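Per chain, numbering begins at 1; letters A, B, ... match sequence-line order. Computed from a predicted structure; not experimentally measured.
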2 protein chains.
Amino acid sequence: MAAPDRTLRGFAGYTMKRAFNAIQADVNAALAPFGLRMVTFSALVVIADNPGLRQSELAEALMIERPNLVLILDELERAELISRDRAAGDRRAYELRATLKGGRLCDRARRAVTAHDARMTEGMSETDRQALIAALRRIEANGPERQAHGPDRLSAS
Amino acid sequence: MAAPDRTLRGFAGYTMKRAFNAIQADVNAALAPFGLRMVTFSALVVIADNPGLRQSELAEALMIERPNLVLILDELERAELISRDRAAGDRRAYELRATLKGGRLCDRARRAVTAHDARMTEGMSETDRQALIAALRRIEANGPERQAHGPDRLSAS
DNA sequence: TATTGTTATACTCTATAACTATA
DNA sequence: TATAGTTATAGAGTATAACAATA
């Protein structure tokens, strides 16, 4: 008998949801030894790559609502992986930086995630893997446009 | 300046999460006029394609835990899109079927989702689209093996 | 007045244990 | 004893409103 979900398999969304579930389970298992989850790893990498980044900039980069980012950063700060320092020019804001410990953990976790990524894309050529990422970015770009950061063009009701 | 998340962009998982978020928002918008969500649509399609399917079989096909499926089916049943009939041979089980109304709505919703899928993959060739789905299935297959449905081979602790 | 970070809160999704009725 | 469906519940993840401090 054919697979019960054969119709759904023709849709990119359904197949992507199943693939992402597999990825998420695997990457969280890969990150657990470091005390990280997918979202805390993502935040740590972006902070390490962009010293002095503000929380609101990080929230925008990761498409996380500001309130939800607070607990994520609390977790990283409690583990002494990042620091929140008052910004010099604007005393409302914090500048985020990875600590020495955070930078080291980030490097090790990155290698673990690189190995995880290779495991999940096993059997695909590097060209296929790049094509996959390009297709995913295309889909993201085709999605409903995010609210612009500039002055708003639509007057809401 | 480079994108703050440039490192993460090299990982399939991060880019897939963002692409899936875009897809989910768009498909739910496409399904809202039908009173459906992604998961209720998926359940309805599989039921329509497999008349007489049991709840546990549907749960396995969609990788939804049985308890979570109950409310989804309650919702479809309340909307008179599916029926739950006691199975003839096994009075514990229910046989799921789409009602006439459910079948019609399913057809219309499928067309809307097909249009949504085309919108999200706009700019990609049909070959690229098929390659994307193949890559996603490969990733799913590379994931942690699901528990087998046959006799278990591992004795749990 | 607007913005940064925060608190409180609510809603969805998901996972597990335990129950019932059947087998 | 095991299975199908159910109930209750708890944990994530995510979204919005409102606040204090600052601009």
Side-chain angles (χ1 to χ4, degrees), chain A residues 17-18 20-22 24-25 27-29 31-32 36-43 47 52-77 82-96 144 146-147 149-152 156, chain B residues 13 17-18 20-22 24-25 27-28 31-32 36-43 47 52-77 82-96 144 146-147 149-152 156:
Chain A
K17 183 185 175 79
R18 298 183 65 118
F20 181 69
N21 283 347
Q24 191 166 48
V27 77
N28 280 331
L31 287 170
L36 295 173
R37 295 169 292 139
M38 191 172 185
V39 66
T40 50
F41 169 74
S42 297
I47 292 167
L53 201 70
R54 309 294 171 85
Q55 290 190 198
S56 52
E57 294 172 327
L58 177 58
E60 190 191 0
L62 294 179
M63 298 219 305
I64 295 172
E65 296 300 319
R66 266 72 47 104
N68 296 328
L69 187 58
V70 173
L71 293 180
I72 292 165
L73 295 180
D74 284 351
E75 191 177 325
L76 290 173
E77 195 180 27
I82 64 160
S83 63
R84 282 197 261 217
D85 307 311
R86 280 285 177 201
D90 185 340
R91 283 177 41 203
R92 293 171 301 182
Y94 287 111
E95 296 181 345
L96 302 172
R146 334 245 162 277
Q147 52 276 32
H149 4 64
D152 49 312
Chain B
K17 183 185 175 78
R18 297 183 67 118
F20 180 70
N21 283 347
Q24 192 165 47
V27 78
N28 281 331
L31 287 171
L36 296 172
R37 294 168 292 138
M38 191 173 184
V39 66
T40 50
F41 169 75
S42 297
I47 291 167
L53 201 70
R54 309 294 171 87
Q55 290 190 198
S56 52
E57 294 171 326
L58 178 58
E60 190 190 0
L62 294 179
M63 298 221 304
I64 295 173
E65 296 301 319
R66 266 72 48 105
N68 296 330
L69 187 58
V70 173
L71 292 181
I72 292 165
L73 296 179
D74 285 351
E75 192 177 324
L76 291 172
E77 195 180 28
I82 65 161
S83 63
R84 282 197 260 216
D85 307 311
R86 279 286 178 200
D90 186 339
R91 284 177 40 205
R92 292 171 302 180
Y94 287 113
E95 296 181 345
L96 302 172
R146 333 248 160 274
Q147 52 275 31
H149 6 63
D152 49 313

Reading DNA chain D in the 5' to 3' direction, which nucleotide is the first one with an atom under 4.0 Å from a heavy atom of chain A, and which is the last?
D:dG13 to D:dA23
Please give, in whole Å, the distance from C:dC11 C1' to B:Gln24 CD?
14 Å
Non-neighbouring partners of A:Glu77 that pass side-chain hydrogen bond (donor to acceptor under 3.5 Å, both in side chains), sequence neighbours left out:
A:Arg84
Which residues share a salt bridge (charged side-chain N to carboxylate O under 4.0 Å, His left out) with B:Arg66, sequence neighbours left out:
none
Using atom names, set out every protein N or O paired with an N or O of nucleotides 4-7 of chain C below 3.5 Å, distance rounded to 0.1 Å.
unit_1: C:dG5; atom_1: OP1; unit_2: A:Gln55; atom_2: N; d: 3.2
unit_1: C:dG5; atom_1: OP1; unit_2: A:Tyr94; atom_2: N; d: 3.1
unit_1: C:dG5; atom_1: OP2; unit_2: A:Ser56; atom_2: N; d: 2.7
unit_1: C:dG5; atom_1: OP2; unit_2: A:Ser56; atom_2: OG; d: 3.3
unit_1: C:dT6; atom_1: OP2; unit_2: A:Gln55; atom_2: OE1; d: 3.3
unit_1: C:dT6; atom_1: OP2; unit_2: A:Gln55; atom_2: NE2; d: 2.9
unit_1: C:dT6; atom_1: OP2; unit_2: A:Arg84; atom_2: NH1; d: 3.2

Separation of C:dT16 C1' from B:Ile64 CD1 (nearest whole Å)
16 Å
Partners meeting salt bridge (charged side-chain N to carboxylate O under 4.0 Å, His left out) with A:Arg91 (sequence neighbours left out):
none
Please report how far the helix from C:dT1-D:dA23 to C:dA23-D:dT1 bends, comparing the axis fitted to its first five pairs with the axis fitted to its last five, to the nearest 10 degrees.
10°
Mind checking the CG-CD1 spacing from B:Leu71 to B:Ile64? Nearest 0.5 Å is all I need.
11.0 Å
Within this structure, what is the CD-to-P distance between A:Glu60 and C:dT3, rounded to whole angstrom?
13 Å
For A:Asn21, enumerate each residue passing the side-chain hydrogen bond (donor to acceptor under 3.5 Å, both in side chains) test, keeping only those at least two apart in sequence or located in another chain.
none
Under the rule for side-chain hydrogen bond (donor to acceptor under 3.5 Å, both in side chains), what residues qualify as partners of A:Asp90, not counting sequence neighbours?
A:Arg92
Please enumerate all residues that pass side chain to side chain contact (heavy atoms under 4.5 Å, CB included) together with B:Ala87, with sequence neighbours excluded.
B:Arg54, B:Ala93, B:Glu95
Assign each of B:Leu69 and A:Arg37 to its nearest nucleotide of DNA chain D by heavy atoms, then name whichever residue's nucleotide is nearer the 5' end.
B:Leu69
Out of curiosity, B:Ile47 CD1 to B:Leu96 CG, how far, rounded to the nearest 0.5 Å?
4.5 Å
Could you tell me which residues satisfy side-chain hydrogen bond (donor to acceptor under 3.5 Å, both in side chains) with A:Ser83, sequence neighbours excluded, listed by chain and number?
A:Asp85
Can you tell me how far CZ of A:Arg37 sits from CD of A:Glu75, rounded to the nearest 0.5 angstrom?
4.5 Å
